[in-house]
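Notes to accompany the following structure.
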2 protein chains.
Amino acid sequence: MTGPAATRDELSIVDALAQLSFLIHGTLERRASEHDLSIIQTRLLGVLRDRRPSMNELARLLGLDKSSVTGLVDRAERRGLVVRVPSTEDRRTVLVSLTDHGRSLVSQASAQFEADVSTLLDCLPPSDRDAIAGLVSRVLVAHAAARGVDLFATVGTQGSPTWP
Amino acid sequence: MTGPAATRDELSIVDALAQLSFLIHGTLERRASEHDLSIIQTRLLGVLRDRRPSMNELARLLGLDKSSVTGLVDRAERRGLVVRVPSTEDRRTVLVSLTDHGRSLVSQASAQFEADVSTLLDCLPPSDRDAIAGLVSRVLVAHAAARGVDLFATVGTQGSPTWP
DNA sequence: TATTGTTATACTCTATAACTATA
DNA sequence: TATAGTTATAGAGTATAACAATA
C-alpha cells in the first residue's frame, strides 16, 4: 500500500529503516550491558554529560514520570554514577550531577557504540555514507521542524549527541 | 575520529542514524501502546503471524530465556491474544498460536507504524527514498552476511517483515 | 494554594535456579 | 539422562495516587 514491495535483493524503504533501527538499538543495548547499563541508565548518564538538571527537568528530558526518575536516580546513585545535590536557590529542588565514574562509563559506552555504527557502514564507500547522512539529516530536520524544534539548537554546548 | 563532525545543517552519519533509530523506535512504542501493547508483546504477536512455534522456539526467536517467555505468553493469553496448543507429537511441547483478536491487533499496529514511517519520509522525493532504501539494504545485507545469514531467506513465506 | 520530590503500591519484563513431566 | 515447560524468587523499570516539605 505504502510503497513498492521488496525485490530480490532490496528491502522496501519502510522495512529497511525499521530493520536498521532495531539493529542499531540492539547494538546500543549490547554495548551498554557490557558496562552493566540499561538503555535508560545510559540515556540518564548521557543527558547529564552537559547538564545538571533538577529531578523535574530530568523527568521531562527523559520523558518519564517524576516518580520513575526517583527510582532511576536511586539506583544510579547507589552505584556511584550520579550524585544528588541540594539546590541553593530552592530548598525543594534536588539537582543531579554526573560523578567522574559515571562520566567515564558513559564516555566509554558512547565511543564503543559510535565505533560499532561506523563499522556497520564500512561496506559503503565514503560518498554513499555522506549521501545517507545528508538524506537522513533532511528527514530529521523536517520532523523536528514539524514540531517546532530546531534540531541544531538542542545539541549541548559541548556538542554531545542527543541520542543516548 | 570516526568521521567528519556535523556541520551547520547536517549531522554526522553516526548521529543521524542513531537519532533516526530512536525516532523510529519511539514511533513503534507509541503506536503499540495505543493498543496497550509493549514492544516485546508486539514482537511476540509479530513472529506468530506466520509461525506456530513451541515455547522453546519462541524463546530463540525473541532472544529471551524460556522462563521469560512463559510470563510473556501468560499475559498475552490472559488477554486473548494467543493460545497455547498442546503438541500432538511430543507431550512435553506446547505450541503457541495467534488468535483472531491477536492477529487483528498486530495488523492494525503494523499498518499504522508503516504509515508513520512513510509519513516521516514525505519530505523526500521518491528518488531519494529509493536511494536510502538501496543503501540501507546494502548495509543490512552485508551485516547479515557477516553472520552467515541470508537476509531474504529469513522472511516468512507470506513476506511479513522481520522487525516487529 | 501550588510545586518539588519521595513513598506506597501494582504491574510488566527479565533472568537464575529448582522443579515436574515426558522422552 | 536429557529436554520442554513452569514455578519461585529477585530485581529493574514504569505509572498512579497519596504524602511531606517548601514556596
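These figures come from a predicted structure and were not determined experimentally. Lettering of chains follows the sequences in order, A, B, ..., and the numbering in each one begins at 1.
In this structure, Leu62(B) places its CG atom 12 Å from C1' of dC13(C), rounding to the nearest Å. The nearest whole Å value for the distance from the CG atom in Asp36(A) to the C1' atom in dG11(D) is 13 Å. Rounded to whole Å, atom P of dC13(C) lies 11 Å from atom CD1 of Ile39(B). Distance Glu29(A) CD to dA12(D) P: 16 Å, rounded to the nearest Å. Straight-line distance from the CG atom of Leu37(A) to the P atom of dA12(D): 13 Å, rounded to whole Å. Atom pair Gln41(B):CD and dG13(D):P shows a separation of 20 Å (rounding to whole Å applied). Spacing between atom CZ of Arg60(A) and atom C1' of dT4(C) amounts to 15 Å, rounded to whole angstrom units. Following rounding to the nearest Å, Glu57(B) (CD) and dG5(D) (P) show an atom-to-atom distance of 8 Å.
A donor and an acceptor atom, one from each side chain of Ser54(B) and Asn56(B), are nowhere located under 3.5 Å apart. Between the side chains of Ser104(B) and Gln108(B), at least one donor N or O lies within less than 3.5 Å of an accepting N or O. In this structure, a donor-acceptor pair under 3.5 Å is absent between the side chains of Ser107(A) and Arg49(A).
Not counting sequence neighbours, the partners of His25(A) by the ring-ring contact (aromatic ring centres under 6.0 Å, His included) test are Phe22(B), His25(B).
The side chain of Arg84(B) lies closest to dT6(D), out of dG5(C), dG5(D), dT6(D).
Residue contacts for Thr70(A): at a heavy-atom cut-off of 4.0 Å it reaches a base atom on one of the strands shown.
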- Message: At under 4.0 Å between heavy atoms, how does the protein contact nucleotides 14-23 of chain C? Give one character per nucleotide, 5' to 3', with B, S or -.
- Response: SBBB---BBS

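With rounding to the nearest 0.5 Å, the separation of CZ in Arg75(B) from CG in Leu44(B) is 10.0 Å. Atom NE2 in His143(A) sits 10.0 Å away from atom CG in Leu20(B) (nearest 0.5 Å). Taking CZ of Phe113(A) as the reference point, atom CD1 of Ile24(A) lies at 6.0 Å (rounded to 0.5 Å).
Between Thr93(A) and dT22(D), a side-chain N or O to OP1/OP2 separation shorter than 4.0 Å is absent. Contact annotation: Asn56(B) does not reach the phosphate of dT3(D) (side-chain N/O to OP1 or OP2, under 4.0 Å).
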